[in-house]
Amino acid sequence: MEYGRVLERAAGAARQVSGTGRVAAYIPALAGADPAAFGIALATATDPASVHGADDWRTPFSIQSISKVFTLALVLATDGDTLWQRVGKEPSGSPFNSLAQLEREGGVPRNPFVNAGALVVTDRLQTLTGDASGALREFLRAESGNPAIDFDARVAVSEHRHGHRNAALAHLLADHGKLANPVRTVLRHYVKQCAITMTCRDLALAACLLARHGIRADGTRLLTRSEAKRINAVMLVGGTYDAAGDVAHRVGLPAKSGVSGGILAVVPGRCGLCVWGPALDTHGNSVAGIAALDAFTTLTGWSVF
Ligand code: GLU
């Protein structure tokens, strides 16, 4: 496969939708992103991984909800199937920050990628490590081979100041007896994990954890093959907000979006992918990112179907 040529063509598909969509503004520090920026990277799942990219693939951005894939991996590695008693694995069909759904369903979040589910996972990671966001940062540094990966304090402060809905979700979870740690501790680590800054290159390499069926960059096993499959499955049904059906239809890969416009995708057994374009569609997925992934799977024939 001539990766460079395929990625150039996928980037071309992204350029065609340039000007469509809007940058997320509810976290003010994200609002200034260039809507026309675009990057794509692919890391092969073989040992050693090789990385390829096009356009802004080395530009750092705030990973936001993409972090939820890796907190889930770290907790699942220790807790195994017992985690699924605290959080579901169904598509949400509702906005990612819905209070109504959480209340209606007795404080058990639909899946680990809606905000309530991610708060439960972060709570558990905090109990397991004593420093959830720090443990995540170390893990991402190791998987991407980039020791410079860090939190963006400006983004974290901005989200703290405006994160009323996440605070409400955390209090609702606590009211249902679903958090082991204080609400403010869980929120602090959740906001910090979302404020980690990485590039498409870094994230494509980190995605290889799932492309290698649970094997880490250093060759050790973090997840069983079946646990890696479960994360991929939940990404497919719940990783792209309430548009997961449409994304499965167009792209056909497990994928996780973030509000900053990044999308992590996995071709099991083959490669990790990351695309980034800050302008979002009405569901919250990167317009350019989805166009590029759509073109990528069409060109390569690589999908899970
Ligand atoms: N930190 C963001 C929030 O909690 C993440 C949302 C996302 O990327 O989906 O609202």
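The figures that follow rest on heavy atoms only: side chains count, while hydrogens, waters and symmetry mates do not. Numbering of ligands and ligand atoms starts at 1, following listing order. Just so it is clear, the model here is predicted, and its values are computed rather than measured. For this chain, numbers begin at 1 and follow the sequence in order.
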**Q** Taking N or O atoms only and a 3.5 Å limit, does Ser257 qualify as a polar contact for ligand 1?
**A** no
**Q** Is it true that Asp123 and Arg86 have a side-chain N and a carboxylate O under 4.0 angstrom from each other?
**A** yes
**Q** So, are Arg15 and Asp55 salt-bridged, with charged N and O less than 4.0 Å apart?
**A** yes
**Q** With side chains defined as the heavy atoms from C-beta onward, is the minimum distance between Val191 and Val157 less than 4.5 Å?
**A** no
**Q** Of the choices Ser65, Gly284, Ala24, Cys194, which has the non-hydrogen atom that lies closest to atom 6 (C) of ligand 1?
**A** Ser65
**Q** Applying ring-ring contact (aromatic ring centres under 6.0 Å, His included), name anything that partners Phe151, two or more places apart in sequence or on another chain.
**A** none
**Q** For atom 10 (O) of ligand 1, grab the closest protein heavy atom and report residue, atom and distance to one decimal in Å.
**A** Tyr26 OH, 2.5 Å
**Q** Could an N or O of ligand 1 be found under 3.5 Å from any N or O of Val259, whether backbone or side chain?
**A** yes
**Q** According to a hydrophobic-cluster definition based on side-chain heavy atoms being under 4.5 Å apart (Ile, Leu, Val, Met, Phe, Trp, Tyr only), do Val155 and Phe61 belong together?
**A** no
**Q** Salt-bridged, Arg141 to Asp202, with N to O below 4.0 Å?
**A** no
**Q** Does any N or O of ligand 1 fall below 3.5 Å from an N or O anywhere on Lys68, backbone included?
**A** no
**Q** Hey, is Glu159 touching ligand 1 through its side chain, its backbone, both or neither, going by heavy atoms under 4.0 Å?
**A** side chain
**Q** Does ligand 1 have any atom that is closer than 4.0 Å to a heavy atom of Phe113?
**A** no
**Q** Which of the atoms of ligand 1 are close to Tyr241, meaning less than 4.0 Å from one of its heavy atoms?
**A** 7 (C), 8 (O), 9 (O)
**Q** Mind checking whether Asn166 has a heavy atom under 4.0 Å from ligand 1?
**A** yes
**Q** State whether Phe96 and Lys68 meet the cation-pi test: NZ (Lys) or CZ (Arg) under 6.0 Å from the six-membered ring centroid, and within 45° of the perpendicular axis.
**A** no
**Q** In the protein, which heavy atom is nearest to atom 2 (C) of ligand 1, and how far is it?
**A** Gln64 OE1, 3.1 Å
**Q** To check your reading of the model: name the closest protein heavy atom to atom 4 (O) of ligand 1, its residue, and the distance in Å.
**A** Tyr190 OH, 2.6 Å
**Q** Using a strict cut-off of 4.0 Å, indicate which atoms of ligand 1 neighbour a heavy atom of Gly258.
**A** 8 (O)
**Q** With a 4.5 Å limit on heavy-atom distance, are the side chains of Leu173 and Pro109 in contact?
**A** yes
